[in-house]
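In what follows, a structure is listed as structure tokens, so that the remarks can point back to it.
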Amino acid sequence: MKKILSTIIITSILFTACKKDNATPDFDEQNLASLSVEFDNIVGGRTLTFDNTAVPYTNATGEKFTISAIQYFISNIQVTTTAGKQFTVPQDSSYFLIKGADRATRFAKVKVPEGDYSKLTFVLGVDSLRSTMSVDKRTGVLDPAAGGHDGGGMYWGWNSGYIFFKFEGNSEVITNDQLGDPTGKKQFKYHIGGFGGYSAPTINNIRTITVDLTNAGIAKVRKDRQSNIHLFVDLMKVFNGTNTFSIKTHPTVMFSEYSTSIANNFKDLFTHDHTEN
């Protein structure tokens with residue numbers, strides 16, 4: 001009898017402990033834990049490579065191309081619990097520059113309250129408020145002088161604004177004249193920016209992306225573990241997203257009306273692959 005009673009007590013303790021471990025903690029905005037979001041660049045299901053001798057990629061219009069550069073800003077990260085409570089990461093801790101050539105930059109690491117999160121929201125770009133702040137408020141990856149435009153920088157000095165998304169490569173379909181690339185290097189360049197203007201309305205290519213985490217695994221953020229939301233970023237969707245376009249027809253797109261068509265494809269780039277808890 002004593003043996004049976006002892007077994008019941010032990011089982012009860014284990015069940016209680018297990019139940020406590022699995023329980024969702026109270027949502028406390030002062031009780032923060034680590035969360036990372038991984039932006040894993042791919043191209044149509046293939047690994048991203050900058051090797052021009054590799055087999056080229058092919059877009060929906062049948063154009064073959066290689067990639068030489070990809071960089072983009074991720075900012076204003078927000079998470080939503082399964083119960084619908086939202087937490088926005090403080091702005092000063094919520095700006096990241098993802099560089100395709102530097103895999104160490106693919107993680108956006110933030111602090112959020114302990115909880116179970118089923119939705120992730122972020123901005124691709126730099127919001128208008130930060131874009132118009134004094135330079136001393138724009139440090140780190142937001143430093144306008146970082147890298148210089150020709151050195152891979154993400155700021156238009158001539159236009160006083162951030163390049164949200166920089167995507168460059170080569171394609172044999174590009175002509176060698178003014179309609180293509182007069183240098184003969186057959187380069188395409190997509191430098192997409194524009195926050196809506198300061199004193200007068202301009203192009204606004206800031207895009208807010210929301211990712212549902214329900215199907216591939218919610219993020220269970222706790223202090224005693226590292227949660228990582230793994231997103232695939234399919235660069236093929238730059239060409240084959242909501243709007244499909246030809247490299248030959250649009251080899252260079254910067255601060256022009258057509259840039260909004262490319263920006264409207266940004267939401268198609270991101271797919272939630274899995275979450276590590």
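Counting from 1, the numbers follow the sequence of the chain as shown. Since the model is a prediction, treat every value here as computed from it, not as a measurement.
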Evaluate the side-chain hydrogen bond (donor to acceptor under 3.5 Å, both in side chains) criterion for residues K223 and N31: first the C-alpha distance (whole Å), next the side-chain angles of each, then the deciding distance (0.1 Å), finally the verdict.
CA-CA 9 Å; K223 285 186 175 180; N31 187 28; 2.6 Å; yes

Quick check: does any side chain N or O of S34 sit under 3.5 Å from a backbone N or O of Q226, one acting as donor and the other as acceptor?
no

Across all chains, not counting sequence neighbours, the salt bridge (Lys or Arg N to Asp or Glu O under 4.0 Å) partners of R207 are none

Report yes or no: does K186 contribute a side-chain atom to a donor-acceptor pair with the main-chain N or O of I174 at less than 3.5 Å?
yes

Trace of the side chain to side chain contact (heavy atoms under 4.5 Å, CB included) decision for F96 with T105:
CA-CA 8 Å; F96 304 90; T105 67; over 6 Å; no

Could you walk me through whether Y155 and I163 satisfy the side chain to side chain contact (heavy atoms under 4.5 Å, CB included) test, starting with their C-alpha distance in whole Å, then the side-chain angles of each, then the deciding distance to 0.1 Å, before giving a yes or no?
CA-CA 5 Å; Y155 195 81; I163 301 169; over 6 Å; no

Centres of the Y117 and F87 rings: under 6.0 Å?
no

Evaluate the criterion side chain to side chain contact (heavy atoms under 4.5 Å, CB included) for residue pair N76 and D127; output intermediate values, then yes/no.
CA-CA 8 Å; N76 292 271; D127 55 278; 2.9 Å; yes

How long is the span from the CD1 atom in I209 to the CD1 atom in I77, to the nearest 0.5 Å?
12.5 Å

Cut-off 3.5 Å, side chains only: do Q187 and N170 have a donor facing an acceptor?
no

Is there side-chain contact between S118 and T81, with heavy atoms separated by less than 4.5 Å?
no

Is the backbone of S261 close enough, under 3.5 Å, to the side chain of N243 for a donor and an acceptor to pair up by distance?
yes

So that I can tick it off, tell me whether E38 and R106 are bridged by a salt bridge, with the cut-off set at under 4.0 angstrom between side-chain N and carboxylate O.
yes

Partner of Y190 by ring-ring contact (aromatic ring centres under 6.0 Å, His included), out of F245, F165, Y72, F255
F245

A side-chain contact here means heavy atoms from C-beta on lying under 4.5 Å apart; do H274 and N228 qualify?
no

Side chains of V37 and L120, heavy atoms from C-beta outward: is any pair under 4.5 Å?
yes

Pair D51, T49 - check side-chain hydrogen bond (donor to acceptor under 3.5 Å, both in side chains), show working.
CA-CA 5 Å; D51 182 2; T49 177; 5.1 Å; no

Using a 4.5 Å cut-off on heavy atoms from C-beta on, say whether the side chain of H272 contacts that of D212.
no

No-hydrogen, no-angle side-chain donor-acceptor test under 3.5 Å, S171 and E63
no

Can you list the steps and then say if L269 with D234 is a side chain to side chain contact (heavy atoms under 4.5 Å, CB included)?
CA-CA 5 Å; L269 271 61; D234 187 358; 5.7 Å; no

Any heavy-atom pair between the side chains of P25 and R222 that's under 4.5 Å?
yes

Under 3.5 Å: donor-acceptor pair, side chain of N265, backbone of T242
yes

Between N240 (side chain) and T244 (backbone), is there a donor-acceptor pair under 3.5 Å?
no

Pairing donors with acceptors under 3.5 angstrom, does anything connect the side chains of N277 and S227?
yes

Using side chain to side chain contact (heavy atoms under 4.5 Å, CB included) as the criterion, point out the one residue from I67, T47, L48 that pairs with N41.
L48

Looking only at atom types and distance, does a side-chain atom of S94 sit under 3.5 Å from a main-chain N or O of P90, one as donor and one as acceptor?
no

Flag, side chain of N264 to backbone of T260, donor-acceptor distance under 3.5 Å
yes

Just so I know, are the side chains of H191 and E168 near enough to count as touching, which here means a heavy-atom distance under 4.5 Å?
yes

Are F270 and F122 an aromatic pair, judged by ring center distance below 6.0 Å?
yes

So, do F73 and Y95 have ring centers that fall under 6.0 Å from each other?
no

Compute the centroid of each ring, for F65 and then for F239, and state whether the two points are separated by less than 6.0 Å.
yes

pair N176-P182: side-chain heavy atoms closer than 4.5 Å
no

Tell me yes or no: between the side chains of T210 and T121, is some donor less than 3.5 Å from an acceptor?
yes

Does the S256 side chain pair with the main chain of V253, one donor and one acceptor, at a distance under 3.5 Å?
no

So do M236 and N59 actually touch side chain to side chain, heavy atoms under 4.5 Å?
yes

Can you find a side-chain donor-acceptor pair between S259 and N205 that sits under 3.5 Å?
yes

D28 backbone acceptor or donor facing D26 side chain under 3.5 Å:
no

Parallel, tilted or perpendicular: which describes the rings of H250 and Y258, with under 30° parallel and over 60° perpendicular?
parallel

Do T183 and D181 have side-chain N/O donor and acceptor atoms under 3.5 Å apart?
yes

